[in-house]
Visitor: 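This is the structure I have questions about; it appears just below.
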Amino acid sequence: MSVDAPEAQAAPQAPKDRPAGIGLIGWLRWGWRQLTSMRTALVLLFLVALGTVPGSFLPQRGLAPEKVATFFDRHKTLAPWLDRLSLFNVFSAPWFAAIYILLFISLAGCVLPRTKHHFSQLRSRPPKAPRNLRRLPEAASYETAAAPDEVLAEARKILKERRFRLDAYDDAVAAEKGYLRETGNLVFHLALLVLLFAVGSGTALGYKGNVLVTEGEGFSNTLTSYDAFKGGRSFNASKLPPFTVWLDSFSANYLTSGPNRGQPTKFAAKVRYQAGLKSPVTSYDLQVNHPLVVDGARVYLLGHGYAPRFTVRDGKGQVAFQGTVPFLPSEESTFTSEGVIKVPDAQPDQLGIVGYFWPTAVPNQQGKVVSAFPAAWNPQVALYVFKGDLGLSNGAPQSVYKLDTAKLKPIVMGNQTKPLAIGQTLTLPGGAGSVTFDGYKQWISVQVNHDPGRVPALSAGIIAIMGIVTSFLVRRRRVWVRAKAADGGRTVVEVGGLTLGGATPDFDAIVERLKKAAPEEPPNTDEE
Amino acid sequence: MVDTHLANLSNQLMLGAVLLYVVAMVGYAADIAFGGRRAAAVPSEAKVLIGAGGPEASEAATDVEEAEDDGRRIEWGRFAVLINVLAWGVHGAEIITRGMAADRVPWGNMYEFTSAITFAAVTVYLVMLWRYKVSWLGPFLMVAVIIALGIATIWLYNDPGPLRPALHSYWIAIHVTAAVTATGTFTVAGVATILYLVKARDKAGKPGGIMDRVPDAETLDRISHRTMMFGFPIWTFAIIAGAIWADSAWGRYWGWDPKETWSFITWVVYAGYLHARATAGWRGRKAAVISLIAFGCLLFNFFGINYLVSGLHSYAG
């Protein structure tokens, strides 16, 4: 990473301002130093934070494309400008990538040299004792009858027990510990680099497919069976594992009383799956929070809805359509749903029907039908029927949830339509045929994905936390013990300590131990 | 499914806890007002000890202060701490009964989150009180706690009930507990940081004011820094636990959902604070302001995101 960096920080083309003789290399070096300085890193850090803000307020294409479309409708002049700044794709915007790549180069440029430095520190000797130990933030001195050598030997023993790294200088012992502080700090930052790499490569190698499955039907893990599919940049479609999943039944439980009446409490889908053509078929209870793992892919239950079943007879009395049509919920709390039935085979005219589905239909105060509950206690549909040309023949792709009414004529609208209960039939005027509401099934929306970066990203995250906790808990400490012969066979013991980031009770404990081993005696002469 | 007796008991305990917090706050205030005579001697001593270096200095100063207590006078400080501990116990009982009433972890909606976060903040404060004698923090934290619980009871209240399917996971106990603990910790740090900024601005200090008991700016800076150092890894863990949960609930571990985005922003700004504190030209006031911005992001993520933006974390209301 550090090799790329000088290019990233292109040399500024302002020869007038630059000090004479610095040259291109000088500028590159200057740029590199600027980029890897803590100040720049801080600014980049805040820019990353600032950059994500629009992503949380403006609708994002990756999350809610339909909301982006609505935004475009509402703000006709503003939206294209925001779009030019990639504000509807903030998290994949070039400027956002530029910020975080610079940040991570800056991070690497800071952490890698520090790692090297730390390695050499780990192999070096603890620094020599300062001349005057009494000037250190932590200091103690006393006199003892024990000989200097004995005191130093004892000091070595005590410090060794406390897992200090030791080194002996003439009349003193130098000890240091707490290297883990820097180690933890470096591990934290390096783990963040790994995390970013894992997330990036996981997205590049993985895939995500969404499909809507109605009870009694299934889907295979192939590109064509998905309603929407997104493969990463380096994803290879031929590597999709060949499994199949069938939905037997779906059930949703709701609260039936209390202030939160209608709130869902449980979704469960009974599915069967087969990993390969020759594998056995296995049952699975697919629930939210309990994805099905098959062949390295994960199958998630994301949503659900109703698919009413219709029989459409055309003007000639023939069955032109029979089957379930998934309706999309337009109101999550009551599951009032909308959908479209296209009957291109109807004769003499094609039929297009817009339908509304109420799982628990009740008339409201104005006499209009609404849904009172999300479960299907009294399912009814209302149908608005058009005839003419559905516009399917020109080859342009059409949404199955939208009716293109350009060449259609309404034949059953507004007051003419009465909600149908299961088994009831709407007879179309002018001998155009009839529509029967046969019943309903439920559908679930399923997401299948594979992200090889998940586990590495998680491991990096855990290591990062362990690193930072270590770094916050461990303190770098240095202790020196000096023992000098004084008059009258006494030994003056001086202990000095330096703790980076504040003192710890450790120092006093060391002195206590030392005094126990080489007991303190009242001084011969007055100290100081 | 919901035990209404326990639910009512929980509501009454909440009321009791708020009242006790108010009494504790009054006690702390009375301590500042009537215990003021001895306080005058303390700052000079504290300065001497700080000069000698070592973080224990301010604690030593507090010890001196306590030793000078006049036995005959009503000890408002002790009274306040006692009531504070009692309030904390009642608050804890409120949370437990709430959980028992709904038969689940008692953090499933905004009312419960607010209650749990303030409980975490008071817990952190009491631990710090026990370890580092930070009773000066009490009155200011009580104000924050009373406001938060007031908002929770008046505007955020929701009857206990079962959770929606997305929340049926043992990760709720892990992810939300971590988020709540970190938020409570950051709240204590935020209060200390505000005190730091006030104290750093007005170095001379008018004797007899409410800031008398508050230690000097250096100590405040160190205490808020330590508190944030405690909160930061917990917040990091909360985000990672949330990602693991999202991976099994929503089919991806990170999707820039507004709540995820703002928890990331909060994390980044707190990280910025920790770095700023170690960078020349940023330490002190600037770093403190950054940490308050981070705290603002945290609060915005908690309240603002739930009410302003719709996302997968929409459990408000």
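Chain naming here is simple, since letters A, B, ... match the order of the sequence lines and numbering starts at 1 in each.
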Visitor: Sequence neighbours left out, what pairs pass salt bridge (Lys or Arg N to Asp or Glu O under 4.0 Å) with at least one residue falling in residues 444-472 of chain A?
Guide: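 Passing the test, one end in residues 444-472 of chain A: A/Arg454-B/Asp247.
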Visitor: What residue, out of A/Gly51, A/Ala268, A/Ala49, has the most heavy-atom pairs lying under 4.5 Å from chain B?
Guide: A/Ala49
Visitor: With a 4.5 Å limit on heavy-atom distance, are the side chains of B/Asn306 and B/Lys259 in contact?
Guide: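 Yes. Closest side-chain heavy atoms under 4.5 Å.
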Visitor: For A/Ala457, is it the side chain, the backbone, both or neither that has a heavy atom under 4.5 Å from a heavy atom of chain B?
Guide: side chain
Visitor: Checking A/Arg114 now: which residues fulfil salt bridge (Lys or Arg N to Asp or Glu O under 4.0 Å) with it, not counting sequence neighbours?
Guide: A/Glu182
Visitor: Check each atom of B/Ile244 against the heavy atoms of chain A and say whether the ones under 4.5 Å are side chain, backbone, both or neither.
Guide: side chain
Visitor: For B/Pro162 versus A/Leu255, what's the shortest heavy-atom pair and its separation?
Guide: CG-CD2, 3.3 Å
Visitor: Is it true that B/Glu260 and B/Arg252 have a side-chain N and a carboxylate O under 4.0 angstrom from each other?
Guide: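 Yes, charged N to carboxylate O under 4.0 Å.
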Visitor: Counting heavy-atom pairs under 4.5 Å to chain A, which of B/Gly272, B/Cys297, B/Pro165 comes out on top?
Guide: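 Between B/Gly272, B/Cys297, B/Pro165, the count favours B/Pro165.
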Visitor: Within a 6.0 Å radius of atom CZ on A/Phe472, are there more than 12 heavy atoms belonging to other residues, nucleotides or ligands?
Guide: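 Atom CZ in A/Phe472 is crowded, with more than 12 foreign heavy atoms closer than 6.0 Å.
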Visitor: Is the distance between the ring centroids of A/Phe335 and A/His304 under 6.0 Å?
Guide: yes
Visitor: Counting only non-hydrogen atoms closer than 4.5 Å, does A/Phe57 touch chain B with its backbone (N, CA, C, O), its side chain (CB onward), both, or neither?
Guide: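 Interface part for A/Phe57: side chain.
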Visitor: Just give me the residue among B/Ala276, B/Gly255, B/Pro233, B/Gly251 that pairs up with chain A most often, heavy atom to heavy atom, under 4.5 Å.
Guide: B/Gly251
Visitor: Mind listing the closest non-hydrogen atom pair of B/Ala189 and B/Ser224 along with its distance?
Guide: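 Heavy-atom minimum between the residues: O-CB, 3.8 Å.
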Visitor: Does any backbone or side-chain atom of B/Trp267 lie under 4.5 Å from a heavy atom of chain A? Answer side chain, backbone, both or neither.
Guide: side chain
Visitor: With a 4.5 angstrom heavy-atom cut-off, is it the side chain or the backbone of A/Val199 that approaches chain B, or both, or neither?
Guide: both
Visitor: I'd like to know which of B/Ile240, B/Ile265, B/Ile290, B/Ile293 tops the heavy-atom pair count under 4.5 Å against chain A.
Guide: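 Going by pairs under 4.5 Å, I would pick B/Ile265.
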Visitor: What are the two closest heavy atoms between A/Ala460 and A/Val194, and how far apart are they?
Guide: CB-CG1, 4.0 Å
Visitor: May I ask you to check whether B/Trp235 and B/Thr266 show a side-chain donor-acceptor distance below 3.5 Å?
Guide: no
Visitor: Measure A/Val90 against the heavy atoms of chain B and call it side chain, backbone, both or neither at under 4.5 Å.
Guide: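 Neither part.
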Visitor: Among the options B/Tyr253, B/Trp256, B/Phe264, pick out the one with the most heavy-atom pairs lying under 4.5 Å from chain A.
Guide: B/Trp256
Visitor: Can you name the salt bridge (Lys or Arg N to Asp or Glu O under 4.0 Å) partners of A/Arg61, sequence neighbours left out?
Guide: A/Asp83
Visitor: I'd like to verify something: which residue of A/Leu301, A/Val48, A/Asn289, A/Val299 has the highest number of heavy-atom pairs under 4.5 Å with chain B?
Guide: A/Asn289
Visitor: What residue in A/Gly55, A/Pro264, A/Pro291, A/Gly206 has the most heavy-atom pairs under 4.5 Å with chain B?
Guide: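 Max contact count across the listed options: A/Pro264.
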Visitor: Is B/Trp171 close to chain A through its backbone or its side chain, or both, or neither, when contacts mean heavy atoms under 4.5 Å?
Guide: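 No part of it gets close to chain A.
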Visitor: Would you mind checking which part of B/Leu274 comes under 4.5 Å of any heavy atom in chain A, side chain (CB onward), backbone (N, CA, C, O), both or neither?
Guide: side chain
Visitor: Are A/Asp227 and A/Asn210 close enough, and set up right, to give a side chain to side chain contact (heavy atoms under 4.5 Å, CB included), and what steps lead you there?
Guide: CA-CA 6 Å; A/Asp227 302 329; A/Asn210 290 77; 5.6 Å; no
Visitor: Kindly determine whether B/His225 and B/Asp221 satisfy side-chain hydrogen bond (donor to acceptor under 3.5 Å, both in side chains), including the steps that lead there.
Guide: CA-CA 6 Å; B/His225 178 233; B/Asp221 180 43; over 6 Å; no
Visitor: For the ring pair B/Phe232 and B/Tyr273, is the centre-to-centre distance below 6.0 Å?
Guide: no
Visitor: Between B/Tyr170 and chain A, which part of the residue has a heavy atom less than 4.5 Å away: side chain, backbone, both or neither?
Guide: neither
Visitor: Relative to chain A, which of B/Ala246, B/Ser248, B/Ala243 shows the most heavy atom pairs under 4.5 Å?
Guide: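 Top option by heavy-atom pairs under 4.5 Å: B/Ser248.
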Visitor: Step through it carefully: locate the ring centre of B/Tyr157, locate the ring centre of B/Tyr111, and say whether they are under 6.0 Å apart.
Guide: yes
Visitor: Taking every heavy-atom pair that is under 4.5 Å apart, which of A/Phe188, A/Tyr254, A/Tyr300, A/Phe267 has the most such pairs with chain B?
Guide: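 Looking at each of A/Phe188, A/Tyr254, A/Tyr300, A/Phe267 in turn, A/Tyr300 comes out on top.
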Visitor: What parts of residues 37-47 of chain A touch chain B if we use heavy atoms and a cut-off under 4.5 Å?
Guide: A/Met38, A/Arg39, A/Leu42, A/Leu45, A/Phe46
